[in-house]
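One structure below.
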Amino acid sequence: MAAKLSAVVDVHHCNVSYPSDKNQPPHFTASPLRISTKRFTIFCTSSKSPPKTAPGKAESKKRKTPSLSEQLKPLSNTILSDQPNESHQLLSKPKSIWVNPTKPKPSVLSLQRQKRSSYSYNPQIRDLKHFAKKLNDCHPADDAAFQAILEEIPHPPNRDNALLVLNSLRSWQKTLLFFNWIKTLNLFPLETIFYNVTMKSLRFGRQFQHMENLANEMIENGVELDNITYSTIITCAKRCNLFDKAVQWFERMYKTGLMPDEVTYSAVLDVYAKLRKVEEVMSLYERGRASGWKPDPVAFAVLGKVFGEAGDYDGIRYVLEEMKSVGVQPNLVVYNTLLEAMGKAGKPGLARSLFEEMLDSGITPNEKTLTALIRIYGKARWAKDALELWDRMRLNGWPVDFILYNSLLSMCADLGLEEEAESLFEDMKGSESRKPDSWSYTAMLNIYGSGGNADKAMRMFEEMSDKGVELNVMGCTCLIQCLGRAKRIDDLVQVFESSVDGGGIKPDDRLCGCLLSVVSYCEGEDANKVLACLHKANQNLVAFIKSLEEEDTKFENVKQEFKGILSNTAVDARRPFCNCLIDICRNRNLRERAHELLYLGTMYGLYPGLHTRTEEEWRLNVRSLSVGAAHTALEEWMQTLTKLVQRREALPEVLSASTGAGSHKYSQGLANAFASHAEKLAAPFKLREDKAGLFVATREDVISWVHSRAASLASIA
DNA sequence: CTAGGGTTAG
């Protein structure tokens, strides 16, 4: 199926060798490749081609939670007949499996929606609305006052009157009080609709327990639960994050012989989407299709969301193809969902063309559409498209809200558009309804921080406290990064202390990573001051740095400590931690330690694709490495290549190293640093003129480099 | 919110 297709193993991708380590924490993605090697080496010292498939991959993909079909087994034995439903069929158009027309199609959903009774006009509507307003205005804690108002109901509380009032109450507490009052009056039997209306209010207040009590009361009193009841229960459970409850009530429908209709069905689809259970969503979807269901835009929005969250482009394409084959025209929400999904799948170009398609079909974008696109262009650093879209927004008068304003500011930060951001920021200050908030200030701190403008960043910081806008942890991180780069360590300490001790900011792993990077390029007293800050946020990390500096610390200890630290670190922050720690070692002349850390980082999967091989070319990819880590990796690689040459093993024609072009305006330097280190090693890599950040050497270059180096070493000896 | 399902910011 789609999710599996995108997980296909990249055969050019797995050449790092790992000694087996059985004690890895469960959340480390162990490499599927375990070429056993006794040597302490990061790169494979065998030139044999890597296997096409990775042993153990299937193992690691094995699901830990039961699939929906497993969960619904009791159901499928009673109601559904077993059907072949292989997941790999999903990308193709579902075929009709039910060839024999005398056998009925097994059905998982009713093709007809729940019918609802029509309201008749209530001549007392004015009086009753007024009455409901009095109940709504009554103080929420004053039960006696509420009861007193109830007694003054202007018309007899018969079925229609009671229903009208019940529908007009706002808070769930009052709805429940009124519902119970009607029940005690016992003037007429309470039909399903009374429960449904009450439940709707409970859902609004996220009162699942009350809701479940009512549902059980219905069962006890023999009141029928219909599709509206179930979908309300299921979506309430979902909003309260009680997903098992949602599934439980859904299963109960089948057990009692009630077929879900498409509304209930897509509510459940969304439950599985929220749980990110892609396969379950698809299984349900496919079963629905096999039952003759023609999904509507809401169902496609759910599908789009689930693939977007998985970053699964094949899945998104599948949704688009399905809509076409079913004949459903996407609406605004579907487009918004798919645009968002394209962004998450890292496809800005396809998001752009989908947006144009949406405009061509006559749909006007709303704030959410534009927020998604602006964000995508910003993250992709597509300045031209971002600015062009911004122009079109103004030109066409497309809707703008506060979130979109802040997203535009963040986009400016991503692209380093300082002037544009400043003028937008001034606009916001001048407006009544969109005064800059902590998001807006964070974006400005980000801009000045990444631009190295410490003075302006500090001015923003002061302005925030003047205006009473709270600094959040991300703003704090941007500011500290900026002050660190400007070597304004005393200001840095002051900002850290005022925001962590006084301002109630809880340092997160990103902030720690930022402090760690400042430590890596500071010396002496400055480094100690920053370490003291870091100590308040993460004691173990500081202890680990100290142990790295001690000569008699054994590799085994480094390994254990580092593993412990990484396990307690957010996944996104692990590689930056490792990069900074390597830089710290290099800047303190602890080169062996740097190699140990790079080795461990590779083992724990922090540098996937560090080394890639095809038959013609081997490449060292250091674009996600810090300068020190890149130096270390280059040294390591040259050592490995030396061994291969000495053992006369085959090398590919081309050996290359990629530092990346550094698409961020302020993130240059890795290529330069790499070039000078290659020069220092006299390594034969030449920067390719036509490809930014790509260093290339031929096989012959490398072989002669190894020989000349051996010769010079021999002459020294 | 006139009984039920889907979409916006590090």
Side-chain angles (χ1 to χ4, degrees), chain A residues 113-119 122 125 128-129 132 163-172 175 191-205 225-236 238-239 246 260-271 273-274 295-306 308 330-341 343 365-376 378-379 399-411 413-414 437-440 442-443 445-446 472-478 508 510 572:
Chain A
R113 279 203 194 190
Q114 169 89 42
K115 282 197 218 79
R116 27 172 81 200
S117 53
S118 55
Y119 277 77
N122 190 324
I125 186 160
L128 290 168
K129 282 275 176 193
L163 204 50
L164 200 150
V165 175
L166 197 62
N167 251 317
S168 312
L169 295 174
R170 293 256 165 73
S171 76
W172 63 270
T175 309
E191 313 148 37
T192 304
I193 188 170
F194 281 85
Y195 284 92
N196 289 350
V197 172
T198 307
M199 282 183 173
K200 181 184 162 183
S201 175
L202 291 172
R203 189 187 66 165
F204 200 71
L225 283 77
D226 62 12
N227 258 289
I228 298 175
T229 322
Y230 279 109
S231 58
T232 311
I233 296 172
I234 289 164
T235 52
C236 178
K238 182 176 72 189
R239 283 184 201 181
D261 67 7
E262 76 170 327
V263 175
T264 314
Y265 205 72
S266 49
V268 170
L269 276 187
D270 193 54
V271 169
K274 279 255 151 48
D296 67 356
V298 176
F300 285 118
V302 173
L303 285 195
K305 183 174 70 180
V306 83
N331 63 16
L332 179 60
V333 177
V334 172
Y335 272 117
N336 287 351
T337 311
L338 290 175
L339 282 172
E340 183 92 354
N366 67 4
E367 298 87 336
K368 291 171 186 171
T369 324
L370 300 167
T371 299
L373 260 188
I374 279 292
R375 186 163 167 257
I376 289 169
K379 293 283 161 270
V400 181
D401 65 3
F402 191 51
I403 292 179
L404 182 49
Y405 261 95
N406 275 340
S407 300
L408 285 165
L409 271 185
S410 299
M411 176 271 286
D414 287 331
D437 69 350
S438 69
W439 285 79
S440 329
T442 300
L445 287 170
N446 193 0
N472 60 30
V473 67
M474 185 184 172
C476 181
T477 306
C478 294
D508 61 5
R510 284 185 175 208
D572 292 349

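None of these values were measured; they are calculated from a predicted model.
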Quick one: which of [options] gets closest to the side chain of [X]?
X      : options             : value
A/E340 : B/dG5, B/dC1, B/dA9 : B/dA9
A/K129 : B/dG6, B/dA9, B/dT2 : B/dT2
A/S407 : B/dG5, B/dT7, B/dA9 : B/dA9
A/S231 : B/dG6, B/dG4, B/dG5 : B/dG4

Check every strand shown and say whether [X] touches a base, only sugar-phosphate, or nothing at a heavy-atom separation below 4.0 Å.
X      : result
A/N227 : base
A/S168 : nothing
A/V334 : base
A/R203 : sugar-phosphate
A/T264 : base
A/R510 : sugar-phosphate
A/N472 : base
A/V197 : sugar-phosphate
A/R375 : sugar-phosphate

For atom [atom1], what is the distance between [N] and [M], given to the nearest Å?
N      : M     : atom1 : result
B/dG5  : B/dC1 : C1'   : 15 Å
B/dG10 : B/dG6 : C1'   : 25 Å
B/dT7  : B/dA3 : C1'   : 24 Å

Is it the case that [N] (base atoms only) and [X] (side chain only) share a donor and an acceptor within less than 3.5 Å, ignoring hydrogens and angles?
X      : N     : result
A/N167 : B/dT2 : no
A/T232 : B/dG4 : no
A/D296 : B/dG5 : yes
A/T371 : B/dT8 : yes
A/N336 : B/dT8 : no
A/T235 : B/dG5 : no
A/N331 : B/dG6 : yes
A/D226 : B/dG4 : no

[X] [atom1] to [N] [atom2], straight-line distance once rounded to whole Å:
X      : N     : atom1 : atom2 : value
A/K274 : B/dG6 : NZ    : P     : 7 Å
A/I228 : B/dT2 : CD1   : C1'   : 13 Å
A/N366 : B/dT7 : CG    : C1'   : 8 Å
A/Y230 : B/dA3 : OH    : C1'   : 16 Å
A/K200 : B/dG5 : NZ    : P     : 8 Å
A/R170 : B/dT2 : CZ    : C1'   : 12 Å
A/M199 : B/dG4 : CE    : P     : 13 Å
A/L332 : B/dT8 : CG    : C1'   : 11 Å

Do we see A/W439 stacking on the base of B/dA9, given a limit of 5.5 Å between centres and 30° between planes?
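A/W439 ring centre within cut-off of B/dA9 base, planes near parallel; stacks.
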Report yes or no: is the ring centroid of A/F300 under 5.5 Å from the six-membered base ring centroid of B/dG6, with the two planes under 30 degrees?
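No, aromatic ring not over the base.
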Under 3.5 Å: donor-acceptor pair, side chain of A/D296, backbone of A/A299
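Yes.
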Does A/D226 reach the main-chain N or O of A/T229 with its side chain, forming a donor-acceptor pair under 3.5 Å?
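Answer holds: yes.
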OP1 or OP2 of B/dG5 sitting under 4.0 Å from any side-chain N/O of A/R113?
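So the side-chain polar atoms of A/R113 never come under 4.0 Å of the phosphate oxygens OP1 or OP2 of B/dG5.
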Any side-chain N or O of A/K238 less than 4.0 Å from the OP1 or OP2 oxygen of B/dG6?
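Result: yes.
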Short N-O contact, A/D572 and A/R510, less than 4.0 angstrom:
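A salt bridge is absent here (no side-chain N lies under 4.0 Å from a carboxylate O).
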Atom CZ of A/F204: over 12 foreign heavy atoms under 6.0 Å
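No, the 6.0 Å shell around CZ holds no more than 12 heavy atoms from other groups.
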Can you find a pair of side-chain heavy atoms, one from A/K305 and one from A/E340, that are under 4.5 Å apart?
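When only atoms from C-beta onward are counted, A/E340 and A/K305 do not touch, as no gap falls below 4.5 Å.
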Which heavy atom of [X] sits nearest to which heavy atom of [Y], and what is that distance?
X      : Y      : answer
A/N227 : A/P260 : OD1-CA, 3.4 Å
A/D414 : A/G378 : CB-O, 3.4 Å
A/L445 : A/G475 : CD1-O, 3.7 Å

